[in-house]
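Report on the following structure.
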Amino acid sequence: MKSTRSVAVALTTAAILGASLTACSGGGAEIDPKTVTVLSNVSKNTASGRAFFALFDQFKQDTGISVEVIEQGDDTNQVYETTLAGGREAQLVLTNRYQNLDWLQNGSVVDAKPYADEWGIIDRLKPDAVDAWSDADGGLMGIPLNGYTWPVMYNTELLQQAGFDAPPTTTDELLQLASALRVKGITPWAIGGSDWSGEKLFAQIAQTHVSADEAAQLFTKGGWCDSDAAKQGIDDFVALRDGGVFVDKAEGYTVDLAQTDFYTGKAAIYSDASWGFGNVPEEIKPNVVIGGVPVPADSDFTGPSYYSEFGSGLWISPNGEKNLDAVGKLVTFLLSDEAQERLVAEASLVSPLTTDFSAAATDPLLQQALGLSDTGQRAVLPDDYVADTATTTWAKATAGAYAESASTSDICAALDAALAE
């Protein structure tokens, strides 16, 4: 059931869209060919948001076509589905592909493949990006717009106070570091155990003794308690938790609190994706180095783990299909080399294009993050596999894993129960 807040947000957004789309007698929307409406999960107050809004302004200057952006953050998916039911949906949705993998199948969006072909985009995309956005029937759910790498940030000034010259690469080293940091009164790893940030970190640690294929199966169907390798990964997580690696009472902590702790120098370690690099305060940025999540010495991983995905893109709505000339111009503009170079340079995003934008990656954190594949191993992101119907119970189970009383058997049972629903 939708929360009262989410419904209220959706109704407010419907009113906003109604003001920009003139109603037709059939209850749909009459399209203004000089305006493209975009429902966005990107906030203007972030580094990536500032880059996107600057591009929208430039697009209007170049074409005379306005871009009306409705910012909805975490409510974007619910708002889209609510406005879609009334025919008032935005023409494009700028959001992640996760939890929306059925939008094309159920007709919430149109197949973007023929348009990506027509607009000359498809052949310029990296195969990994196309694969990530393709469905089982060969359709294109949306057009990949940018990707990210999701490493770990370490404050070397705080590490040095604890006697460490470099970030740990193994869990044994991480436990030693955590102990030394706590002696100095420094929180080792700030993490939002109660939300998505803690969920991703738990999944990252728990999968280090299984293959990518097995991890995908575990996230899809469960079986954590039946797999010795999976339970070994949970054992590793419990050892880190009980060894004082994570912020105290992490199961009740949020990503915002964790970020504040790292940004203000209270915590030495913080897991964040490249979209957040531009938000790191300048006063600590020279002390920040990028690494991966340390792995056990007997792990199946070749080195510290990290996430890397082409997760964000543009979905074309039924209303968007009614305004294809303007929509196509905006999409091709955002996938131009010029726009992509700007997103790399200003927002530390990873381009889905085959063009080499490495010279534009001027942020030192992004430069380091792009080299993670040389020293570490990419982890399987659970979002691709955990069913929409299980996300709430899955998140509750992973949050419970941060509680000191939770044993490996408790955790694996909770995970399996969540995925069985």
Side-chain angles (χ1 to χ4, degrees), residues 150-156 158-184 186-193 197-212 214-215 218 224 227-248 250-251 253 258 262 267-272 289-307 369 372-382 398 400-404 406-412 415:
W150 192 334
V152 179
M153 292 191 281
Y154 295 88
N155 186 324
T156 56
L158 299 183
L159 263 59
Q160 287 168 3
Q161 290 182 31
F164 283 73
D165 294 328
T169 59
T170 68
T171 51
D172 285 344
E173 292 175 354
L174 178 56
L175 286 164
Q176 293 168 13
L177 171 62
S179 178
L181 286 167
R182 285 188 174 275
V183 168
K184 297 290 184 179
I186 301 168
T187 295
W189 197 318
I191 186 69
S197 62
E199 178 247 323
K200 299 300 183 295
L201 180 59
F202 168 82
Q204 203 167 347
I205 295 170
Q207 66 178 277
T208 52
H209 292 283
V210 300
S211 67
E214 185 176 355
L218 289 167
W224 291 86
S227 168
D228 290 339
K231 287 190 292 185
Q232 189 177 0
I234 298 175
D235 282 341
D236 293 335
F237 174 85
V238 169
L240 295 177
R241 181 200 69 196
D242 294 349
V245 168
F246 308 124
V247 62
D248 293 340
E251 69 274 21
Y253 231 59
F262 184 76
I269 310 170
Y270 175 61
S271 179
D272 199 7
V289 298
I290 295 298
V293 175
V295 296
D298 60 348
S299 168
D300 288 3
F301 275 48
T302 57
S305 69
Y306 62 95
Y307 290 125
L372 284 174
S373 59
D374 297 331
T375 57
Q377 181 171 328
R378 179 182 172 186
V380 175
L381 191 73
T398 58
Y402 286 88
E404 292 183 5
S407 66
T408 294
S409 58
D410 294 333
I411 296 168
C412 74
L415 299 176

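Taking every heavy atom of both residues into account, Tyr253 and Ile191 meet most closely at CB-O, 3.4 Å. Here the shortest heavy-atom pairing between Ala230 and Val210 reads N-CG1, 3.9 Å. Minimum heavy-atom separation, Ile186 to Ala268: CG2-N, 4.2 Å.
Under the 3.5 Å distance criterion, the side-chain polar atoms of Arg241 are left unmatched by any main-chain donor or acceptor of Ala250. Formation of a donor-acceptor pair under 3.5 Å by the Thr187 side chain with backbone atoms of Ala190 is not found in this model. Of the possible donor and acceptor atoms, one in the side chain of Ser197 sits under 3.5 Å from a partner among the backbone N and O of Gly192.
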**Study point:** Intermediate values then yes/no, side-chain contact (heavy atoms from CB on, under 4.5 Å), Leu415 and Ile234
**Key:** CA-CA 11 Å; Leu415 299 176; Ile234 298 175; 4.1 Å; yes
Review point. For Gln232 and Asp298, what are the C-alpha separation, side-chain angles and deciding distance, and is it a side-chain hydrogen bond (donor to acceptor under 3.5 Å, both in side chains)?
Key: CA-CA 10 Å; Gln232 189 177 0; Asp298 60 348; 3.1 Å; yes
Check your understanding: When you look at Phe202 and Tyr402, which way does the ring pair (Phe, Tyr, Trp, His ring centres under 6.0 Å) test go after all the steps?
Key -> CA-CA 9 Å; Phe202 168 82; Tyr402 286 88; 7.1 Å; no
**Study point:** Verdict with reasoning, Leu175 to Leu240, per side-chain contact (heavy atoms from CB on, under 4.5 Å)
**Key:** CA-CA 7 Å; Leu175 286 164; Leu240 295 177; 3.9 Å; yes
Exercise for review: Just do the side-chain contact (heavy atoms from CB on, under 4.5 Å) check on Ser227 and Glu214 with the steps written out, would you?
Suggested key: CA-CA 10 Å; Ser227 168; Glu214 185 176 355; 2.9 Å; yes
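The aromatic rings of Phe246 and Trp189 lie perpendicular to each other, with more than 60° between the two planes, well past the 30° mark.
In this structure, the separation between CD1 on Ile269 and CG on Leu201 is 10.0 Å, given to the nearest 0.5 Å. Between atom CG of residue Leu174 and atom OG of residue Ser179 there is a gap of 11.5 Å, rounded to the nearest 0.5 Å. Atom NZ of residue Lys200 and atom CH2 of residue Trp150 lie 5.5 Å apart, to the nearest 0.5 angstrom. With values rounded to the nearest 0.5 angstrom, Asn155 atom CG is found 5.5 Å from Phe262 atom CZ. Taking CG from Leu218 and CH2 from Trp224, the interatomic distance works out to 5.0 Å, rounded to the nearest 0.5 Å. One finds the CD atom of Gln207 at 11.0 Å from the CG atom of Asp300 (value rounded to the nearest 0.5 Å).
For Glu404, the CD atom counts as loosely surrounded, since its 6.0 Å shell holds 12 or fewer non-hydrogen atoms of other residues, nucleotides or ligands.
A side-chain donor-acceptor contact under 3.5 Å links Gln204 and Ser305. Residues His209 and Asp236 have side chains that bring a donor and an acceptor to within less than 3.5 angstrom of each other.
Contact of the Pro296 side chain with the Thr170 side chain is not registered, since no non-hydrogen atoms from C-beta on lie closer than 4.5 Å.
Listed by chain and number, the residues in a side-chain contact (heavy atoms from CB on, under 4.5 Å) with Ser373 are Tyr306 (sequence neighbours excluded). For the ring-ring contact (aromatic ring centres under 6.0 Å, His included) test, no residue two or more places apart in sequence or in another chain qualifies with Tyr154.
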